[in-house]
Engineer: 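Could you have a look at this structure, given as C-alpha cells, before my questions?
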Protein chains: 2
Amino acid sequence: MNALFKALNDPTRRAILERLRGGPATAGAIAEQFQFSAPTISHHLDLLRQAGLVTSQKQGQFVVYTLNMTVFDELLGWLYQFKS
Amino acid sequence: MNALFKALNDPTRRAILERLRGGPATAGAIAEQFQFSAPTISHHLDLLRQAGLVTSQKQGQFVVYTLNMTVFDELLGWLYQFKS
DNA sequence: TTAATGATTAGACAAATGTCTAAATAAAAT
DNA sequence: ATTTTATTTAGACATTTGTCTAATCATTAA
C-alpha cells in the first residue's frame with residue numbers, strides 16, 4: 001500500500017504508466033520520451049516495479065517493461081471504503 | 001492531481017481520512033488519536049485540505065474537519081484509463 | 001481584563017526523494 | 001578480441017518532507 005502510493009506520487013512515474021498503457025517498452029524507449037537521464041528513468045522503473053505496477057523481462061541486452069494493472073485493485077479496494 | 005497523490009502518500013494522512021469516515025472531527029480530537037504533536041497533525045490536515053480531501057469550518061475556537069469524497073472521482077477517472 | 005484552551009505559524013533539523021555523472025555489467029556487433 | 005550498445009549500480013547533491021519545540025492568534029472562561 002505504501003509502495004503503491006509512493007510510486008504514484010511522481011508525475012514522471014505516472015507518465016511512464018500512461019506510456020506503457022500503449023504496450024510494453026524497453027527501458028531505453030521509455031527514457032527517450034523524457035528529458036531525464038537513463039539512470040533516472042531506471043530508478044523510476046525500479047520504484048514502479050517495487051510497487052508491482054510494472055513487470056520486467058530481460059530480452060537479450062534489452063529489458064522490456066510491462067504495465068501490471070492488477071495492482072490497481074488494491075487501490076480501488078482502499079477507495080471503496082469511502083464510498084457513500 | 002499532484003496535490004492529491006501527495007496527500008495520499010503518507011500513512012498518517014490516510015489514517016486521518018479513515019478516521020473522518022466516521023464523521024467530522026475537530027483538529028484536537030484528531031490529534032488525540034495519533035502519537036504526533038498538534039502542529040504535526042495540523043500540517044497534515046493542511047495538506048489534506050490543499051488536496052481537497054477535507055474541508056474545514058471554524059466553530060468558535062474549534063476547527064471542524066470534514067471528509068470530502070468528491071475528490072476521489074478525480075482519482076477514479078485517472079485510474080479508469082487503465083481499465084483493460 | 002486576565003488566564004486558559006484550541007489551533008496554527010515559524011523555524012529548525014534529520015531523513016527521504018529526484019536528479020545527475022561516472023563506473024560497472026551484460027549482450028551484440030565488428 | 002575489442003568495441004559499441006542497453007541498462008543498472010554507486011555515489012554525490014540539492015530539494016522536499018515529516019517531525020519537533022517555541023511562539024503566535026483567536027476564542028472562551030474566570
Side-chain angles (χ1 to χ4, degrees), chain A residues 1-20 22-68 71 75 78, chain B residues 1-20 22-68 71 75 78:
Chain A
M1 205 68 201
N2 245 314
L4 179 56
F5 280 113
K6 176 176 173 174
L8 293 176
N9 185 31
D10 181 272
T12 301
R13 287 195 291 272
R14 292 196 299 273
I16 290 173
L17 291 178
E18 290 165 16
R19 161 67 172 84
L20 292 178
T26 66
I30 294 167
E32 273 177 13
Q33 304 194 327
F34 299 92
Q35 73 271 42
F36 300 117
S37 68
T40 292
I41 298 299
S42 182
H43 178 234
H44 283 312
L45 288 168
D46 187 42
L47 291 178
L48 289 171
R49 190 152 35 76
Q50 282 178 40
L53 286 163
V54 303
T55 59
S56 63
Q57 302 89 32
K58 183 148 197 178
Q59 292 189 4
Q61 62 190 146
F62 298 89
V63 176
V64 177
Y65 284 86
T66 307
L67 183 61
N68 176 30
V71 185
L75 181 49
W78 186 82
Chain B
M1 206 65 199
N2 246 313
L4 179 55
F5 280 112
K6 176 176 174 174
L8 293 176
N9 185 33
D10 181 272
T12 301
R13 288 195 289 273
R14 291 196 298 273
I16 290 174
L17 292 178
E18 289 166 15
R19 160 68 171 84
L20 292 177
T26 65
I30 295 167
E32 273 177 14
Q33 303 196 328
F34 299 92
Q35 73 270 40
F36 300 117
S37 69
T40 292
I41 298 298
S42 183
H43 178 233
H44 282 312
L45 288 168
D46 187 42
L47 290 177
L48 289 171
R49 189 154 33 77
Q50 282 178 40
L53 287 163
V54 303
T55 58
S56 63
Q57 303 88 34
K58 184 149 196 178
Q59 292 189 3
Q61 62 191 144
F62 298 86
V63 176
V64 177
Y65 284 86
T66 307
L67 183 63
N68 177 30
V71 185
L75 180 50
W78 185 80

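On a predicted model such as this, the values are computed, not experimentally measured, just so you know. In what follows, every chain begins at residue 1, and chains take the letters A, B, ... in the order their sequences are listed.
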Engineer: Counting only non-hydrogen atoms, which of residues 26-35 of chain A are less than 4.0 Å from DNA chain C?
Structural biologist: A:Gln35
Engineer: Check this one for me: any side-chain N or O of B:Ser37 less than 4.0 Å away from OP1 or OP2 of D:dC20?
Structural biologist: yes
Engineer: A:Leu47 versus A:Gln50: any side-chain heavy-atom pair under 4.5 Å?
Structural biologist: yes
Engineer: Given side chains that start at C-beta, do those of A:Phe5 and A:Leu75 come closer than 4.5 Å, heavy atoms only?
Structural biologist: yes
Engineer: Scan nucleotides 25-30 of chain C nucleotide by nucleotide, 5' to 3', and note B when protein non-hydrogen atoms come under 4.0 Å of the base, S if they reach only the sugar-phosphate, - if neither.
Structural biologist: -SBS--
Engineer: Quick test of your reading: applying salt bridge (charged side-chain N to carboxylate O under 4.0 Å, His left out), list the pairs with at least one residue in residues 45-54 of chain A, sequence neighbours left out, ordered by first then second residue.
Structural biologist: A:Asp46-A:Arg49
Engineer: The side chain of B:Tyr65 is closest to which nucleotide in this list: C:dT8, D:dT19, C:dT19?
Structural biologist: C:dT8
Engineer: Atom pairs, N/O to N/O, protein against nucleotides 9-16 of chain D, distance under 3.5 Å?
Structural biologist:
none

Engineer: Using a cut-off of strictly less than 4.0 Å, decide whether A:Thr40 has a side-chain nitrogen or oxygen near OP1 or OP2 of C:dC20.
Structural biologist: yes
Engineer: Among D:dC20, D:dT7, C:dG18, which nucleotide sits nearest the side chain of A:Val63?
Structural biologist: D:dT7
Engineer: Between P on D:dT17 and CG on B:Asp10, what's the gap in Å once rounded to a whole number?
Structural biologist: 11 Å
Engineer: Is a donor on one side and an acceptor on the other found under 3.5 Å between the side chain of B:Arg19 and the backbone of B:Ala29?
Structural biologist: no
Engineer: Might you point out which heavy atoms bring A:Val64 and A:Pro24 nearest each other, and give the distance in Å?
Structural biologist: CG1-CB, 3.7 Å
Engineer: Tell me which donor-acceptor pairs under 3.5 Å the side chains of residues 51-59 of chain A have, and how far apart each pair is, sequence neighbours excluded?
Structural biologist:
unit_1	atom_1	unit_2	atom_2	d
A:Thr55	OG1	A:Gln57	NE2	3.1
A:Gln57	OE1	A:Thr66	OG1	3.3

Engineer: Give the rounded distance in Å between these two atoms: CG of A:Leu45 and P of C:dT17.
Structural biologist: 17 Å
Engineer: Could you work out, with side-chain contact (heavy atoms from CB on, under 4.5 Å) as the rule, every residue matching A:Ala27, not counting sequence neighbours?
Structural biologist: A:Leu45, A:Tyr65
Engineer: Measure from the side-chain N and O atoms of A:Arg14 to the backbone N and O of A:Leu8, and report whether any donor-acceptor pair falls under 3.5 Å.
Structural biologist: yes
Engineer: Any side-chain N or O of B:His44 less than 4.0 Å from the OP1 or OP2 oxygen of D:dT17?
Structural biologist: no
Engineer: Shortest non-hydrogen contact from A:Arg13 to A:Asn9?
Structural biologist: NH2-O, 3.9 Å
